[in-house]
**Q** 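First, the structure itself, so that you have it in front of you.
The chains referred to below are lettered A, B, ... by the order of the sequence lines, with proteins before strands, and numbering in each begins at 1. Here the structure is a predicted model, which is why all the values come from computation and not from measurement.
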Protein chains: 2
Amino acid sequence: MDKNENNGKIKFIPEPTLRRLPVYYQYLKKLHNEKRIEFISATQIGNDLNIIPIQVKKDIAITEITGKPKLGYNVRELIKRIEDFLGWNNVTDAFLVGVGNLGSALLSYNGFKEYGLNIIAGFDDDESKVGKEIGKKMVFHVNKLPDMIQRMGIKIGILTVPAPYAQEIADIMVKAGIRAIWNFTHVKLNVPKNVIIQHENLAASLVVLSKKLEILLKSDE
Amino acid sequence: MDKNENNGKIKFIPEPTLRRLPVYYQYLKKLHNEKRIEFISATQIGNDLNIIPIQVKKDIAITEITGKPKLGYNVRELIKRIEDFLGWNNVTDAFLVGVGNLGSALLSYNGFKEYGLNIIAGFDDDESKVGKEIGKKMVFHVNKLPDMIQRMGIKIGILTVPAPYAQEIADIMVKAGIRAIWNFTHVKLNVPKNVIIQHENLAASLVVLSKKLEILLKSDE
DNA sequence: TAGATTGTTAATCGATTAACAATC
DNA sequence: TAGATTGTTAATCGATTAACAATC
């Protein structure tokens with residue numbers, strides 16, 4: 001039986017924990033490469049990342065690793081556990097639609113593979129882009145999209161098209177079999193309930209940043 | 001006295017509410033432009049955005065708008081209230097450092113102005129980029145950065161450089177007077193306590209997406 | 001008037017934080 | 001042994017959700 005299942009049912013994980021795990025992972029990787037430390041305590045991780053140690057402990061506990069009192073966790077093992085837990089050992093393929101600046105940035109970024117995502121191709125309706133390679137990924141004409149999704153059984157679509165095309169492309173994706181859309185547009189997509197939308201909303205982040213800055217600058221006075 | 005203050009102290013706003021406000025805003029804008037509806041109820045907003053109406057009501061209440069029982073809120077006024085509340089009427093200037101694909105995408109995107117952010121220039125150390133314009137924004141050599149931050153009193157820096165330069169540039173920014181950094185790298189930045197970091201962590205989003213997809217696909221079986 | 005919706009107070013739920021025995 | 005740290009249960013805190021009187 002798989003580690004994070006009980007009778008085939010996946011244990012529920014709080015989203016905040018899920019979001020912190022990659023942060024620990026990046027930290028641990030760096031630690032392992034640069035310092036070759038064998039053990040690390042939750043206290044130490046917490047200090048370095050400005051997260052309270054109890055929370056680090058709770059988050060780590062989810063991987064079901066066993067630590068050593070007084071010493072902490074084996075770094076190598078902890079890295080492995082997080083990889084296993086997040087399913088980063090088997091990479092999932094994805095298509096990206098909309099090869100503008102942002103789309104190109106995501107296509108060229110090779111780091112996603114480390115996080116279990118392999119963007120295997122880009123799609124665009126601009127003939128001047130079709131046939132080219134960006135970050136070693138081929139760009140196809142968007143009219144090939146449905147067929148290729150179906151044939152290759154792709155489940156994840158990345159949406160970086162201009163806003164007016166977002167819903168249209170999402171519809172095509174869903175119809176062809178995509179089950180999760182990483183949405184970088186600011187369009188609220190309508191999709192069936194059995195499709196996941198992960199909306200990367202920069203406006204939302206910006207609002208949080210601005211409000212914090214407002215409070216900060218006010219406190220300077 | 002300003003609307004969101006009490007004796008000069010800014011009311012605390014839950015971050016989730018802060019992140020939902022721009023979503024309502026985008027929805028309302030579209031509604032107003034396309035359908036010219038005068039009143040909208042929390043129920044209706046909730047239905048359209050898949051958020052439960054009570055939450056919409058609570059979020060909206062923070063703008064201190066007064067709605068009309070049976071009718072709802074005046075769309076025009078609600079839009080205005082959200083703009084006021086989020087400080088979107090006076091735009092804040094920002095510099096962007098790292099004019100690669102991602103940096104170019106952000107520079108070219110004109111939508112941030114609507115959310116109170118004006119990226120006025122880009123910086124890079126690549127001479128082939130310096131002096132050019134991207135999205136009507138000049139690209140300067142990064143060695144001009146500290147001076148220009150200081151002279152223009154810029155408070156927000158956007159960081160889109162390759163990982164190895166992230167901390168170095170952040171240090172320069174902070175030393176010159178930047179008080180908030182929008183961090184698009186996957187580097188955990190060390191900055192003084194009186195500087196805000198907003199970390200756009202795509203790995204974290206990706207993890208959430210993958211886990212949800214995993215659960216979804218499992219439930220198909 | 002009847003009914004939908006607001007505004008506000010109370011209940012619930014879930015994540016964070018605290019406490020503490022067990023352990024190396 | 002003494003002390004730091006784990007693992008786990010309990011307490012706290014804050015956001016979400018429910019309930020309901022007031023109102024148009």
**Q** Under 3.5 Å, is there a donor on one side chain and an acceptor on the other for A/Tyr115 and A/Gln26?
**A** yes
**Q** Over how many whole Å does the gap from B/Leu78 atom CG to C/dT6 atom P extend?
**A**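 B/Leu78 atom CG is separated from C/dT6 atom P by 11 Å.
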**Q** Is it the case that the side chains of B/Asp59 and B/Thr17 hold a donor-acceptor pair, with the cut-off being a distance below 3.5 Å and no angle test?
**A**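 Side-chain D/A pair, B/Thr17 to B/Asp59: present.
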**Q** Exactly one of B/Leu78, B/Ile79, B/Asn74 should register a side chain to side chain contact (heavy atoms under 4.5 Å, CB included) with B/Arg76. Which one does?
**A** B/Asn74
**Q** Please check this pair: side chain of B/Asn183 against backbone of B/Val187, looking for a donor-acceptor N/O pair closer than 3.5 Å.
**A** yes
**Q** State the dot-bracket string of DNA chain D. Criteria: Watson-Crick or G-U wobble, both atom distances under 3.5 angstrom; notation: ( ) intrastrand, [ ] crossing earlier pairs, | interstrand, . unpaired.
**A** ..||||||||||||||||||||||
**Q** Treating primed atoms plus P, OP1 and OP2 as sugar-phosphate and everything else as base, which nucleotides of nucleotides 10-20 of chain C get B, S or - for protein heavy atoms under 4.0 Å?
**A** B----SSBB--
**Q** Side chains of A/Asp48 and A/Gln44: any donor to acceptor distance under 3.5 Å?
**A**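 Result is yes, a qualifying pair exists.
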**Q** In this structure, is the centre-to-centre distance between the rings of B/Tyr73 and B/Phe39 below 6.0 Å?
**A**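 Centroid separation for B/Phe39 and B/Tyr73: 6.0 Å or greater.
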**Q** Name the pairs: protein N/O against N/O of nucleotides 1-5 of chain D, kept only if under 3.5 Å.
**A**
| unit_1 | atom_1 | unit_2 | atom_2 | d |
| --- | --- | --- | --- | --- |
| D/dT5 | O4' | A/Lys70 | N | 3.2 |

**Q** Give a yes/no verdict on a cation-pi contact between A/Lys211 and B/Phe85, requiring under 6.0 Å between NZ or CZ and the six-membered ring centre and an angle within 45° of the axis.
**A**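 Yes, cation above the ring, under 6.0 Å and within 45°.
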**Q** Using every non-hydrogen atom in the two residues, find where B/Leu96 and B/Thr160 come nearest and quote the distance to one decimal.
**A** CD2-OG1, 3.5 Å
**Q** Are the ring centres of A/Phe112 and A/Trp182 closer than 6.0 Å?
**A** yes
**Q** Do the ring planes of A/His186 and B/Tyr109 sit parallel (below 30°), tilted (30 to 60°) or perpendicular (above 60°)?
**A**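 Correct class here is tilted.
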